[in-house]
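These notes concern the structure reproduced below.
Order of the sequence lines sets the chain letters (A, B, ...), proteins ahead of strands, with each chain counted from 1. Keep in mind that the numbers below use all heavy atoms, side chains included, and drop hydrogens, waters and symmetry copies. Since the model is a prediction, treat every value here as computed from it, not as a measurement.
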Protein chains: 2
Amino acid sequence: MDEIDELLSIRAAELYYEDNKTQDEIGQALRLTRWKVGRLLAQAKQRGFIRIEILHPRARRLPIERRLRDERGLADAIVVSSAGVGSSEELQARTAQAAADYLTAMRPVPRTLGVSWGRTLFEISQQLRNGWAIGVNVVQINGGVSLNRRPGTAAATAVGIAQKGGGSATLLPSPAILERLATKEAIEADRVVAGVIELARSADVFLFSAGAADRTSVHVESGYLSEADVDELVRKGAVGDVVGRYIDSDGNIVDPALDARTVGLTLDELRRAPIGIAVISGPAKHAVADAVVRSRLCSVLVTDEATALHLLDG
Amino acid sequence: MDEIDELLSIRAAELYYEDNKTQDEIGQALRLTRWKVGRLLAQAKQRGFIRIEILHPRARRLPIERRLRDERGLADAIVVSSAGVGSSEELQARTAQAAADYLTAMRPVPRTLGVSWGRTLFEISQQLRNGWAIGVNVVQINGGVSLNRRPGTAAATAVGIAQKGGGSATLLPSPAILERLATKEAIEADRVVAGVIELARSADVFLFSAGAADRTSVHVESGYLSEADVDELVRKGAVGDVVGRYIDSDGNIVDPALDARTVGLTLDELRRAPIGIAVISGPAKHAVADAVVRSRLCSVLVTDEATALHLLDG
DNA sequence: GGTAATCCTGCTCATATGAGCATCCGGCGA
DNA sequence: TCGCCGGATGCTCATATGAGCAGGATTACC
């Protein structure tokens, strides 16, 4: 394409998209046939001179979703648009909104939903509308009830999701990570805890997020891990955690001893789930998102545009 | 429009613009009739959810051009897009390019073109292509030959425009501003100078830019004015200069004494021109652009998007 | 200079889209 | 309860657009 055609295609695009002229009118104005105008417009599109953006908090990026499904083997992918996003909080909110939308639209409606907890999950629970499901039972899939800085957000998350879905919540009454292996085994042997975990295993849908392996982690904030612990995990190759279990970029457990002291479903149990929905957004979580998808921890991914593009680049 | 329709219009827009589905297919997917889909898309457009941008250095903004013509009474307006612009140099280059394009496309081809000088004019002379006109005579309309920091740019501008247009240039051999009124009158009385000015008056098209009234002005750089002079002009209400003559926001001469010592066409002579093309871009020149348009110093304006919107806001 | 391959152009025809209009539905006053 | 009104809905029909194709121009190569 030479320069003259490039310029013509721009003039045509202006008249077509900004001035709402028909291709025929443009042809008359520029002394071209309408077919030529059509071809110029097609070329302008194809060469990327024309950008069409959908500016809305609920906008998604369907072509990227398709590529994620096809190239990364996901059962489903939801990618929210980053267009016009101001803060990372807004990105987080958009992603949580999209996750809530996805849950609401699920058919068949989930009967038993296993959930983790954290900032993302809490936001999802807030975005869900009353009546999003009819009688869904929510069960926590990992520990972490008491030690939160804002006590009760883990419980509030599960209960909120359940109430708005017209069902009840089953909490896992245990810390996330215990200091001694023996204590962890004792807790898991407890009849109530064992029952909850058993129920969790039977969930037909899991909903969880992932944390980045850095000092801002909720596990540090909650006091389950020290900053030095996290540094050590990173040194061993950790890129983040899923349901409290730290993984490397291939999705393998980084520190088996630590993992053995972590209460809740194991990653393999998560992998065997019929439907596992991971909700992961923000630049800090690119690496862990990649690990989650690569190691098939989820079958459905809800994320933002930048993270999705990162997954497709690799 | 309620929230459900808003969401549907976004989903429809995604399928239509990103996935290239037909409205009918979208209707099947979303369980709507194709007419409903059409209306949803129209609403999404109308409510501004859909933004179509043309990303190209030569892209223009036709709707803004139309408004400038209609609302500000210009014979013609060229507005270059600011989309994806990096530096103010790039904006300047785009505007100069657009001015060169406009000159090249002019019909009838100008026979005698009166030009001022400055950074913008020099850039236009560079952007013009060989053979942009057939035998155009270029004449300088204001003084300023010798005192430039880069000597000869004023001359190079006029000569370059003329040569590429297959014609010759007539330079105005005079400083821009003289220190004494008597000297200025003596120079204008000179046979050669008087002849050039007479020729300039007869030009069928004028091409000029405008300078901001600040210390970065070419008149300060060239030494015709001191920084203190400019400060004083600003104090008197100057917003910028056209062909070396400083005006206030209504287009009136700010300092008649200074103006009397300035060599070249007067503003009233400029206003009487059949076609006067002003090329003005950059945030620093919003005020002077407004003054130029308001006081009808030009009939054609070439500018950038931000400046154009500033003119329309007022 | 001749020939072939390639690209470009402008047609026919099928399809997609938008304008205008009759109809339907839900709310409201009599 | 009835009938009226305003807005939404889905039709008909005219128009706009895109795909495919045959002829013509242009270029590269011999």
Side-chain angles (χ1 to χ4, degrees), chain A residues 1-56 58-63 65-66 101 104-105 129-131, chain B residues 1-56 58-63 65-66 101 104-105 129-131:
Chain A
M1 199 195 211
D2 55 357
E3 196 196 326
I4 192 80
D5 262 21
E6 182 167 328
L7 257 181
L8 276 176
S9 76
I10 296 303
R11 295 286 157 262
E14 288 161 359
L15 291 161
Y16 192 71
Y17 291 107
E18 300 194 338
D19 249 16
N20 289 321
K21 304 242 187 214
T22 72
Q23 296 186 5
D24 209 2
E25 286 175 312
I26 297 168
Q28 288 175 308
L30 303 181
R31 301 169 171 266
L32 303 166
T33 60
R34 70 181 189 81
W35 298 280
K36 176 78 176 171
V37 173
R39 276 187 273 262
L40 286 172
L41 288 172
Q43 280 176 66
K45 248 192 206 164
Q46 185 231 319
R47 302 180 109 217
F49 296 156
I50 294 163
R51 173 154 85 205
I52 300 184
E53 263 183 332
I54 301 177
L55 293 166
H56 194 282
R58 308 281 273 266
R60 285 162 45 188
R61 306 305 316 275
L62 304 182
E65 294 179 1
R66 181 195 310 285
D101 288 348
T104 306
R129 302 213 152 201
N130 273 319
Chain B
M1 196 195 213
D2 55 356
E3 194 195 327
I4 193 79
D5 262 20
E6 183 167 326
L7 257 181
L8 275 176
S9 75
I10 295 303
R11 296 285 156 261
E14 288 161 359
L15 292 162
Y16 191 72
Y17 291 107
E18 300 194 339
D19 250 15
N20 289 320
K21 304 242 189 218
T22 71
Q23 296 186 5
D24 208 2
E25 286 173 312
I26 296 168
Q28 287 175 307
L30 302 181
R31 302 169 171 266
L32 303 165
T33 60
R34 70 181 188 80
W35 298 281
K36 177 76 177 171
V37 174
R39 277 187 271 260
L40 286 172
L41 288 172
Q43 280 176 70
K45 248 191 208 167
Q46 187 231 320
R47 302 180 105 216
F49 295 157
I50 294 163
R51 172 154 87 205
I52 301 183
E53 262 183 333
I54 301 178
L55 292 166
H56 195 283
R58 309 278 273 267
R60 285 160 45 187
R61 308 303 316 275
L62 304 182
E65 295 180 0
R66 182 195 310 286
D101 288 348
T104 306
R129 302 216 153 200
N130 272 319

ask   = Rounded to the Å, how far apart are R34(A) CZ and dT17(C) C1'?
value = 14 Å
ask   = Does D19(B) pair with R11(B) as a salt bridge, N-O distance under 4.0 Å?
value = no
remark   = Taken to the nearest 0.5 Å, the spacing of Q28(B) CD from Q23(B) CD works out to 13.0 Å
message = From CG of L32(A) over to P of dC11(C), roughly how many Å is that when rounded to an integer?
response = 13 Å
message = Between dG18(D) and R39(A), counting only base atoms on the nucleotide and side-chain atoms on the residue, is there a donor-acceptor pair under 3.5 Å?
response = no
ask   = Where the side chain of Y16(A) is concerned, which of dT17(D), dA16(C), dG10(D) is the nearest nucleotide?
value = dT17(D)
query = Would you say the side-chain atoms of E14(A) pair up with the backbone N or O of R60(B), donor to acceptor, closer than 3.5 Å?
reply = yes
ask   = Can you tell me how far the CG atom of L8(A) sits from the CD1 atom of I26(A), to the nearest 0.5 Å?
value = 11.5 Å
note = Checking dA16(D), dA16(C), dG10(C) against the side chain of T33(A) (C-beta onward), the nearest is dG10(C)
inquiry  = Nearest whole Å is fine: how far is dC8(C) C1' from L40(A) CG?
reply    = 12 Å
Euclidean distance, atom CZ of residue R31(B) to atom P of dT9(D) [Å, nearest integer] = 17 Å
message = Rounding to an integer number of Å, can you tell me how far L15(A) CG sits from dT17(D) P?
response = 12 Å
remark   = To the nearest angstrom, the CG-P distance between L8(B) and dA8(D) comes to 14 Å
inquiry  = From NZ of K36(B) over to P of dT17(C), roughly how many Å is that when rounded to an integer?
reply    = 17 Å
task = Specify the separation, in whole Å, of atom CD of Q43(A) and atom C1' of dT9(C).
result = 13 Å
inquiry  = Side-chain N or O of Q23(B) versus OP1/OP2 of dT15(C): is the shortest distance under 4.0 Å?
reply    = no
Earlier contact from the 5' end, DNA chain C, for W35(A) and K45(B) = W35(A)
